[in-house]
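Quick note: numbers below take in every heavy atom, side chains included, and nothing from hydrogens, waters or symmetry partners. To find a chain, count down the sequence lines: A is the first, B the second, and so on, and within it residues start at 1. Keep in mind it's a predicted model, so treat the numbers as computed, not measured.
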2 protein chains.
Amino acid sequence: MTSDEKRSLTLRDVSEASGVSEMTVSRVLRNRGDVSNATRERVLKTAKELGYVPNKIAGALASQRVNLVAVIIPSLSNMVFPEVLAGISQTLEETELQPVVGVTDYLPEKEEKVLYEMLSWRPSGVIIAGLEHTEAARAMLDASGIPVVEIMDVDGKPVDAMVGISHRRAGREMAKAILKAGYRNIAFLGTKMPLDHRARKRFEGFTEALAKGGVEIAEKEFYSGGSALAKGREMTAAVLDRNPDIDFLYFSNDMIGAGGLLYLLEKGIDVPGQIGLAGFNGVELLQGLPRQLATMDACRKEIGQKAAEIIAARVNDEDTDMVTELTPKISYGDTLKRR
Amino acid sequence: MTSDEKRSLTLRDVSEASGVSEMTVSRVLRNRGDVSNATRERVLKTAKELGYVPNKIAGALASQRVNLVAVIIPSLSNMVFPEVLAGISQTLEETELQPVVGVTDYLPEKEEKVLYEMLSWRPSGVIIAGLEHTEAARAMLDASGIPVVEIMDVDGKPVDAMVGISHRRAGREMAKAILKAGYRNIAFLGTKMPLDHRARKRFEGFTEALAKGGVEIAEKEFYSGGSALAKGREMTAAVLDRNPDIDFLYFSNDMIGAGGLLYLLEKGIDVPGQIGLAGFNGVELLQGLPRQLATMDACRKEIGQKAAEIIAARVNDEDTDMVTELTPKISYGDTLKRR
DNA sequence: CTGAAAGCGCTAACAG
DNA sequence: CTGTTAGCGCTTTCAG
């Protein structure tokens with residue numbers, strides 16, 4: 001038990017304990033440059049005995065390199081962002097870079113704050129969800145001088161690089177599939193989230209394609225808060241109550257879609273004969289429902305992987321694509337007639 | 001457009017641009033000490049114009065203070081840890097501390113590695129899930145000299161402080177409730193995760209309490225990988241196929257329990273008359289199922305809050321409880337007879 | 001292969 | 001209220 005419990009060990013402590021210069025200890029610990037095997041072993045041994053943990057703060061300041069990638073996402077309780085994160089972590093694992101995540105709760109001001117905090121640690125790159133940011137946030141990203149990848153969405157102009165899907169297109173495609181299957185009395189049910197730009201874009205693409213087919217949305221219903229499954233149920237009940245002619249329900253996410261599905265099945269309604277349903281995201285979680293919900297894969301993991309690849313490449317001064325659009329596949333499941 | 005796109009701005013740049021010493025600029029930016037309003041405004045203005053973002057690396061090194069709390073958890077794709085995180089973030093928001101999360105995937109070696117990485121940034125505290133760590137990890141925590149809170153579990157000896165529930169007790173309580181309701185042919189269905197010590201402890205407590213009631217587990221079934229909902233379904237089918245006398249299914253988490261529930265309802269089995277079910281966690285997500293699954297709240301958010309409070313207090317050299325045991329409440333839902 | 005010197009960008013501690 | 005002087009613990013660079 002030493003006298004000072006607070007101060008942690010430094011390179012100097014290891015240097016003194018091993019009788020080797022700080023510089024050589026540093027070399028061993030980073031295995032950089034040539035060090036004789038004898039000294040290397042000695043240093044490693046004493047470092048372990050002492051329980052030395054290098055101070056990255058000092059290292060980063062001296063070397064002017066921080067192997068951190070800031071990842072800024074709206075939420076963790078959504079299942080979609082953890083999957084993006086998984087993709088990022090997985091591909092960064094092959095590099096010396098490490099992700100550090102910040103959460104914005106879909107609030108622009110919080111995003112700005114989180115971004116500022118993260119940039120103040122001088123990360124090697126930024127991966128940030130969405131293309132909509134405050135002006136100040138854009139300015140910071142622009143001024144940071146580090147690679148920036150905006151993810152999830154490609155309907156807009158990126159600060160630097162972007163990888164994602166076109167949500168407008170996703171909405172259009174689903175509308176076309178629904179029309180093609182013969183449905184005409186279509187309802188849209190989603191979150192009351194003016195700041196979820198991707199959901200908004202899907203909705204816009206959806207109504208646009210319906211319009212092109214001469215169909216107008218028959219009902220709209222929005223919710224906020226609460227359990228998504230329960231809300232899906234309630235919203236479905238409300239919509240059908242208001243308009244019993246509805247023959248299709250397009251949900252802005254799979255979770256509320258699942259709620260709607262369970263409700264319809266309980267009511268003994270013929271799905272997808274009498275009423276069809278579709279969600280969005282392709283969450284694996286929901287495999288195991290009585291019927292497989294029609295949905296569209298948001299390419300979450302691929303987006304994460306690709307974004308991480310771009311950062312890794314740019315950190316090594318390699319060139320990369322500036323725009324990477326992935327194309328989500330529609331899956332019909334058991335709730336959308338095949339044609 | 002300046003000549004050097006790479007180098008980011010320093011205090012010195014702001015100092016020169018505003019004609020005020022670096023020290024005073026620093027004071028303004030941290031609003032520390034007294035600075036005349038005139039200079040303060042001038043500094044703030046030029047800092048903003050330049051788009052200066054302070055370098056926390058340098059600041060932390062100089063001040064020997066890093067306002068980061070390392071949060072180390074097994075997984076993000078589980079719904080339980082994001083809620084713990086939410087609790088932590090929420091209460092840290094009232095302080096100057098910030099959480100930084102690391103994920104271990106339930107692997108002890110990865111936990112060790114992540115811990116090492118995080119400690120090398122010299123955080124102000126550590127919140128880490130579970131009481132089981134490698135010897136090296138314990139040693140690091142012990143040597144770090146910073147407050148450490150182990151969370152989720154209180155069945156064991158903490159390195160420093162701990163806050164959580166007793167999973168052994170949770171298992172026992174559920175067993176008692178099940179026996180009291182009159183069920184006797186009981187199956188346990190869970191994950192094949194030898195490293196999920198909390199699930200293991202629940203199982204142990206469960207079998208122990210059953211034994212005390214003269215009942216032995218009739219069937220066990222474990223899974224790994226795949227969609228939990230689907231797995232719950234399959235496992236339930238398998239168990240009932242093997243042993244049609246089963247009258248209760250205890251699942252190690254709500255998600256597989258929900259799968260089992262949907263399966264039984266589809267088969268037209270009387271729940272909870274013929275067969276009862278219970279899960280664990282109390283995930284809000286699942287409200288909206290046809291029946292409410294019996295479960296036990298794991299106090300996730302409270303655990304996060306309490307842990308964060310402890311760290312915050314300890315950082316300010318205040319004393320705190322070393323052991324905080326929360327008591328989960330059983331919720332009978334519609335799948336466990338009330339008595 | 002090893003060491004000495006000079007900072008990295010900021011803040012603590014003192015002086016004015 | 002403002003400025004000066006020393007570092008924080010490490011790495012870069014340049015000499016041996």
message: Go nucleotide by nucleotide along DNA chain D from the 5' end; which of Met23(B) and Ile57(A) gets its closest nucleotide reached first?
response: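 The 5'-side residue here is Met23(B).
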query: Heavy-atom count around Asn316(A) CG within 6.0 Å, excluding the residue itself: above 12?
result: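 Count over threshold, so yes.
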Give a yes/no answer on whether the side chain of [X] brings an N or O atom under 4.0 Å of OP1 or OP2 in [N].
X: Thr24(A); N: dG3(C); answer: yes
X: Ser21(B); N: dG3(D); answer: yes
X: Arg65(A); N: dT12(D); answer: yes
X: Gln64(A); N: dG9(C); answer: yes
X: Tyr52(B); N: dC10(C); answer: yes
X: Thr39(B); N: dT2(D); answer: yes
X: Ser26(B); N: dC10(C); answer: no
X: Arg32(A); N: dT11(D); answer: no

When all nucleic acid strands are considered with a 4.0 Å heavy-atom cut-off, which category describes [X]: base, sugar-phosphate, or nothing?
X: Arg40(A); result: nothing
X: Asn55(B); result: sugar-phosphate
X: Arg27(B); result: base

Side chain of [X]: nearest nucleotide among [options]?
X: Val20(B); options: dT2(D), dG3(D), dC10(C); result: dG3(D)
X: Ala58(B); options: dG9(C), dT11(D), dA12(C); result: dG9(C)
X: Leu61(B); options: dG9(C), dC10(C), dT2(D); result: dG9(C)

task: For Arg122(A) and for Gly19(A), locate the closest nucleotide of DNA chain C by heavy-atom distance; then report the residue assigned to the nucleotide nearer the 5' terminus.
output: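 First, find each residue's nearest nucleotide; the 5'-ward one identifies Gly19(A).
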